[in-house]
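Computed from a predicted structure; not experimentally measured. Numbering of ligands and ligand atoms starts at 1, following listing order.
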Amino acid sequence: MSTRLSRPRAAAIGVVAAGAAAAAGHLLSAFLGRNSSPVVAVGNTVAEFSPGWLTEFGKEVFYVYDKLALFVGMGLVMLVLAAVAGLVSRASRTPGLVLIGAFGVLGVLAVLRRPDLGQLAILAPLATLVVGCGVFSWLHGRAVAEEAVDGGLTRRRFLVGGAGVAAGAGVAALTGEVIGVSRDAELSRAEVGSLVPARPAPAIPADADFRKLGTPAFLTPNAEFYKIDTALSLPQVRAEDWRLRIHGLVDREVTVTYADIRSRPLVERAVTLCCVSNEVGGDLISTATFVGVDLADLLNEAGVRPGAEQLFSTSADGWTCGTPISAVLDPGRGAMLALGMNGEPLPVKHGFPARLVVPGLYGYVSATKWVTDLEVTTWSARRAYWLERDWAREGPVKTQSRIDVPKPFTTQAAGKTVVAGIAWAQHTGIDRVEVRLDQGPWVPATLTTEVNADTWRMWWVQLDVPPGPHQVYCRAVDRSGYVQTGEVQGTVPDGATGWHSISLTATA
Ligand SMILES: Nc1nc2c(c(=O)[nH]1)N[C@H]1C(S)=C(S)[C@@H](COP(=O)(O)O)O[C@H]1N2
Ligand SMILES: [Mo]
C-alpha cells in the first residue's frame, strides 16, 4: 500500500533534516577549523565563483553587510531546497535522499577546495551528509508509519521526533559556535604580549590633525580602522602555529616562525592604508603605526634571483595578492611584514599573526592579511585574486582629498565657514590642498605638520559664504607636482578619480 505524506509534513521533514545536517557540520567545524563548516564553505565557494559584477553589486547594495546578506540569501535558498527535498518525497524517501546526498557532496567538494584546512576537515561535511540523510530517513519513516495507521490524524510521534531533532540541532550548532570561538586566534593573540620596536616611529605631533575642526584623528583607533577582505569567517591562525614560507625565484627557500620574527629588531612606521574600492569622498582609508620587520631584509635572506617581477603572497584562507618586487625591495619604500598595529599585536580582523604593508599601494596589491606564503615570481606565472576579477595589475594610490566639514547638505548661516578634511598621496607626499566655492578661485588651505610622506594630511580653510545654495570642492596637489584631476572615474579597475564636493546652503 502506498501512503502519501501531507505537504506540510513532507516539507517539515526536509527542513528539519537540513537544519540538523548543517548543525552537525558546524559542531565538528569547531574542532576542525571554522571554514570546514559546510555552511561557511559553501558560502566561501559561492563568493569565490560569483562574477565580479555580482560581487560589486552586492557591495554596493549591502555595503559592509554584503557577507551577512550572502548568508541570509544562502539560508533562504537552503530552506526552500530543503522543503522541496521533502515535497518530492511524499510517496517515497528516495528522491529526498538523493537531493540531500547531492548537497552533502557539494559541501564535501567546497571544503576540499579550501587551502587552509587539514585533511580531517572533510569530517565536517561528511557529518552533514550522514546526519542529513539519517534524520531525513528516520523522520520520514515515523511519518509514514503514522500516516498508515490512521491517515495521519495522530501526529504525536512525528511531532515529538521532529521537535527533538530540531532542539538537538540548535544545541549542536550553538556548542559548535561557542567552542569554535574559544579555540580561535584571540587567545593566542592575548598571549603575545607587547611588541616593542627597537626603532619606534617618531612621536606623532599634537598638530598632526585638526580633530577640533572635525577631521579624523591622525591615528585611527584599531576598532575604527576600515576593514576589507573576502573572508566570511576570519582566518584563525595562532601565532605558535604560524609559518611564513618564502620561495620561488630565490637562491634558498626560507621558512620563518612568529618567534623568529618577533625576536628580530622591530621597526615601527606610521602608514596610511587605503582601499582601491574607496569612492571619491569615501571612508575606506585609515592610518596606524605598524610594527614589524623590513620585507626587503627577509627577501634578501632568501636571495631574490634576476627575472623576479612580482611578490605573490597568499593568506591562510587562500586569498592572493601580487606586488611589484621593485616596490618591495626598494629600501626607501619601507615595505613591512607587520606583526603589530597601534601598539598592539594585529587584531585578528586586521591579519593576526602577520600581514604585509607596502606604503603607496592600494591594499589589494600590497596588504595581505594572515599572510603565510611569499612566492617570488613573474607576472605571467601567477595571477592574484582581484586581477582575475577585472582589477588592474598595479595599484599605486591615487592622490586624493576629502571634505569632512561641513557635512553634505548642511544648512547654515551665511558668512565665515570652516571647511576641513584630509588629503593623501602616499609615498609622494602632499604639497598643498585647495578649496573652491562654486566656480570661484582655488583657495589654498592650511595643512597639518607632515608626519611622513606615507601618511594622510589634514587641512582646513575659512571661506566667506554668501547666502544661497553652494557647492564646495577640494583638490590636492602632491609633491611630484601632480594636481588631482577633476575627471571622474569609478573605482574599477585602479581607483576612483574626481574632486570631492559637498552641497551647502547658506541662509541670510
Ligand atoms: N587575506 C586577505 N588580505 C587582504 C584582503 C583580503 O581580502 N584577504 N584584502 C585587501 C584589501 S582589498 C585591503 S584594502 C586591505 C584592507 O586591510 P584592513 O582590513 O586591515 O583595513 O587588506 C588587503 N588584504
Ligand atoms: Mo581594498
Side-chain angles (χ1 to χ4, degrees), residues 35 44 47-48 50 52 55-56 58-59 63-64 66-67 70 114-116 185 216 219-237 242 244 271-279 282-292 295 311-323 335-342 344-374 384-398 400 424 426 456 490-496:
N35 283 315
N44 279 323
E48 192 181 330
S50 295
T55 312
E56 291 311 310
K59 274 199 247 169
Y63 189 50
V64 290
D66 56 338
K67 282 157 205 147
L70 174 69
R114 297 291 311 175
D116 57 332
L219 291 179
T220 315
N222 287 351
E224 286 158 37
F225 203 96
Y226 86 94
K227 172 191 173 290
I228 291 283
D229 53 64
T230 58
L232 290 182
S233 67
L234 293 178
Q236 301 292 326
V237 185
W242 179 82
L244 178 67
V271 179
T272 296
L273 275 192
C274 70
C275 183
V276 70
S277 298
N278 196 33
E279 307 281 352
D283 58 3
L284 300 179
I285 179 163
S286 303
T287 301
T289 54
F290 290 95
V291 172
L295 197 48
L311 180 65
F312 187 82
S313 51
T314 306
S315 69
D317 64 337
W319 184 81
T320 57
C321 170
T323 313
M336 300 170 83
L337 172 73
L339 306 182
M341 176 177 181
N342 287 334
E344 295 173 14
L346 288 170
V348 174
K349 65 178 175 177
H350 292 295
F352 182 82
R355 75 174 305 168
L356 303 186
V357 174
V358 186
L361 306 183
Y362 286 123
Y364 83 109
V365 289
S366 69
T368 309
K369 305 191 271 188
W370 315 290
V371 63
T372 56
D373 191 285
L374 298 178
Y385 186 90
W386 287 114
L387 200 53
E388 293 286 329
R389 290 163 177 79
D390 309 335
W391 295 84
R393 185 175 88 186
E394 301 202 24
V397 172
K398 293 181 179 176
Q400 265 289 349
W424 61 95
Q426 288 93 311
W456 57 15
T491 56
V492 185
D494 62 355

Enumerate, atom names and distances included, each donor-acceptor pair closer than 3.5 Å involving a side-chain atom of residues 386-394, sequence neighbours excluded.
| from | atom 1 | to | atom 2 | distance (Å) |
| --- | --- | --- | --- | --- |
| E388 | OE2 | R383 | NE | 3.1 |
| R389 | NH1 | Y385 | O | 2.8 |
| R389 | NH2 | E48 | O | 2.9 |

- line: Distance col, row L273:CG vs I285:CD1, nearest 0.5 angstrom, shows 9.0 Å
message: Please report the interatomic distance CG(D317) to OG1(T372), rounded to the nearest 0.5 Å.
response: 9.0 Å
query: With sequence neighbours left out, what residues match E224 under salt bridge (charged side-chain N to carboxylate O under 4.0 Å, His left out)?
result: none
Anything under 3.5 Å between a donor and an acceptor, one on a side chain of residues 345-361, the other on a protein residue two or more places apart or in another chain? List them.
| from | atom 1 | to | atom 2 | distance (Å) |
| --- | --- | --- | --- | --- |
| R355 | NH1 | H350 | O | 3.4 |
| R355 | NH2 | A367 | O | 3.0 |

- request: Select all protein residues for which some heavy-atom-to-ligand 1 distance is less than 4.0 Å, and list them by chain and number.
  value: F225, Y226, K227, I228, D229, T230, C275, S315, D317, W319, H350, R355, G363, Y364, A367, T368, K369, W370
message: Show, in sequence, the C-alpha distance, side-chain angles and deciding distance for L295 and L311, and conclude whether the side chain to side chain contact (heavy atoms under 4.5 Å, CB included) test is met.
response: CA-CA 11 Å; L295 197 48; L311 180 65; 4.0 Å; yes
